[in-house]
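Below: the structure, in structure tokens.
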Amino acid sequence: MTKDGGALYDITSVPSPGLANRTFRVDVGFVVGGSSAVNGMIFQRGNAKDYDIWGELAGPNNTWSWSNLVGYFRKGVQLTPPKPEVPADFNLTYDMQYWGNNYTRHNIFATYPNNLAPGIFPMHQALKAIPGVNVAEDSGNGETGIAYWMTSTDPRTGARSYAKTGHWDGLNRPNYQLLPETRVNEIIFEGNVAVGVRITPRGANTSTIVTARKEVVLAAGAIHTPQILQLSGIGPADLLQRAKIPVKVDLPGVGSNFQDHSYTDVSFRCTPPFHPIICPPMY
Ligand SMILES: Cc1cc2nc3c(=O)[nH]c(=O)nc-3n(C[C@H](O)[C@H](O)[C@H](O)COP(=O)(O)OP(=O)(O)OC[C@H]3O[C@@H](n4cnc5c(N)ncnc54)[C@H](O)[C@@H]3O)c2cc1C
């Protein structure tokens, strides 16, 4: 079931004991491009330590640690620098070693906006003044702290730059198919090897098995990836047994430890005069 005209799954969290047992809407994009089609377009990277922890989990000789991933980030995301008129006192710094600068091919773009909102300059100054707050040279350099971020917009058109525009629209590759309105029900295994997936088109009564020549890559997001694993028999045995799913692998962590970020809106009134270049008179 979806809400908002079909673009979002309709998911409500279980009660959070640490938050007076309140429940929350959990937004996930239900559309080609997934949540990148509906998100706030704030372009941010995680911090290096988090990627390194992934790497540790993946084991020796893995390619998931920060130092390995940076090359892919550079390949996959093209940065549009801020306008040259942005004055130095704004401290809007960036470092191209963390970004690509190829604007000609299919890509995902991270773009500094033409104008920055009036409150940003004093807010940045104030945050910088807090002892212990790191000011990152670039929002994508893997440090924690404060930094300016970009939006995921195409600098040529101003339109949203996301998984569909970057990795599907206009591509014509015989080995790349997209099946919209089609649900993956489970992974098909031969022994311990994933050899395909069972899929059902929306509204259909029967499912189809698609087999893999090489491998199955599961990337259904933080909520549905573990769901598909559980439906395929990989997850906590007691839960699977209660759902009458034959247990292939008893893996208690699948479907647990979900983390999301908190979020709050801050409103403020700005009093002129604003920064003359960052906040031109139209603000
Ligand atoms: C409202 C909102 C605002 C956000 N704002 C920001 C922001 O400003 N900046 C930022 O960096 N991040 C933001 N995010 C988070 C960001 O969009 C996600 O972290 C990111 O898109 C996750 O990518 P993903 O590929 O892991 O999963 P997703 O983007 O969720 O993609 C998973 C895809 O798998 C599909 N799928 C799921 N189950 C199945 C199934 N059984 N069969 C077939 N397909 C399936 C889904 O429909 C979806 O298309 C926001 C997210 C939301 C929802």
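Whatever order the structure lists ligands and atoms in, that order sets their numbers, starting from 1.
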Closest protein heavy atom (residue, atom, distance) for [atom]:
{"atom": "atom 38 (N) of ligand 1", "result": "H224 CB, 3.2 Å"}
{"atom": "atom 25 (O) of ligand 1", "result": "A219 O, 4.6 Å"}
{"atom": "atom 16 (C) of ligand 1", "result": "N39 ND2, 3.9 Å"}
{"atom": "atom 37 (C) of ligand 1", "result": "Y9 OH, 3.2 Å"}
{"atom": "atom 31 (O) of ligand 1", "result": "G34 CA, 3.8 Å"}
{"atom": "atom 29 (O) of ligand 1", "result": "S35 N, 2.8 Å"}
{"atom": "atom 40 (C) of ligand 1", "result": "V184 N, 3.7 Å"}
{"atom": "atom 44 (N) of ligand 1", "result": "T182 O, 4.3 Å"}

> Honestly curious: do I146 and I130 fall in one hydrophobic cluster under the side-chain, below-4.5 Å linking rule?
Replying inline: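 Yes, because I146 and I130 connect within a single hydrophobic cluster, where side-chain heavy atoms sit under 4.5 Å apart.
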> Are V184 and V216 grouped together when hydrophobic residues (ILVMFWY) are joined by side-chain heavy atoms under 4.5 angstrom apart?
Replying inline: yes
Using a 4.0 Å cutoff against the non-hydrogen atoms of [X], which atoms of ligand 1 qualify?
{"X": "G29", "value": "46 (C), 47 (O), 48 (C), 49 (O)"}
{"X": "V31", "value": "49 (O)"}
{"X": "G221", "value": "26 (O), 27 (O), 32 (C)"}

>> Taking 4.0 Å as the limit for heavy-atom contacts, which would you say applies to M41 with ligand 1: side chain only, backbone only, both, or neither?
In response: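 For M41, only backbone atoms sit under 4.0 Å from ligand 1.
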Under 3.5 Å, side-chain donor or acceptor atoms of residues 248-261 against the rest of the protein: list the pairs with distances, not counting sequence neighbours.
| from | atom 1 | to | atom 2 | distance (Å) |
| --- | --- | --- | --- | --- |
| K248 | NZ | S232 | O | 3.1 |
| D250 | OD1 | A237 | N | 3.0 |

Expected output: side-chain [X] to main-chain [Y] donor-acceptor under 3.5 Å:
{"X": "T93", "Y": "E137", "answer": "yes"}
{"X": "N107", "Y": "F109", "answer": "no"}
{"X": "R160", "Y": "T165", "answer": "no"}
{"X": "Q78", "Y": "K75", "answer": "yes"}
{"X": "S35", "Y": "G29", "answer": "yes"}
{"X": "R45", "Y": "G142", "answer": "no"}

> Of all the heavy atoms in V32, does at least one lie under 4.0 Å from an atom in ligand 1?
Replying inline: no
> For ligand 1, is there an atom lying under 4.0 Å from some heavy atom of I223?
Replying inline: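 In this structure, I223 fails to qualify as a contact of ligand 1 - no heavy atom is under 4.0 Å.
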> Taking only residues two or more places apart in sequence, or in another chain, which ones meet Y176 in a ring pair (Phe, Tyr, Trp, His ring centres under 6.0 Å)?
Replying inline: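 Ring pair (Phe, Tyr, Trp, His ring centres under 6.0 Å) check on Y176 returns W168.
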> Among V195, V197, V210, whose side-chain contact (heavy atoms from CB on, under 4.5 Å) with I188 holds?
Replying inline: V195
With nothing but distance in play, are any N or O atoms of [X] less than 3.5 Å from an N or O of ligand 1?
{"X": "Q44", "answer": "no"}
{"X": "G40", "answer": "yes"}
{"X": "F30", "answer": "no"}

> Do R198 and S207 come within less than 4.5 Å of each other through their side chains, counting heavy atoms only?
Replying inline: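 SC-SC contact between R198 and S207 confirmed.
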> Are any non-hydrogen protein atoms located under 4.0 Å from atom 49 (O) of ligand 1?
Replying inline: yes
>> Protein non-hydrogen atoms only, distance under 4.0 Å: does atom 22 (C) of ligand 1 have such a neighbour?
In response: no
> For the ring pair (Phe, Tyr, Trp, His ring centres under 6.0 Å) test, which of Y72, F43, Y112, F73 pairs with W99?
Replying inline: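 The residue from Y72, F43, Y112, F73 that satisfies ring pair (Phe, Tyr, Trp, His ring centres under 6.0 Å) with W99 turns out to be F43.
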> Among D27, L218, I228, which residue places a heavy atom closest to atom 53 (C) of ligand 1?
Replying inline: D27
> Of I42, V28, V38, which has the heavy atom at the shortest distance from atom 1 (C) of ligand 1?
Replying inline: V38
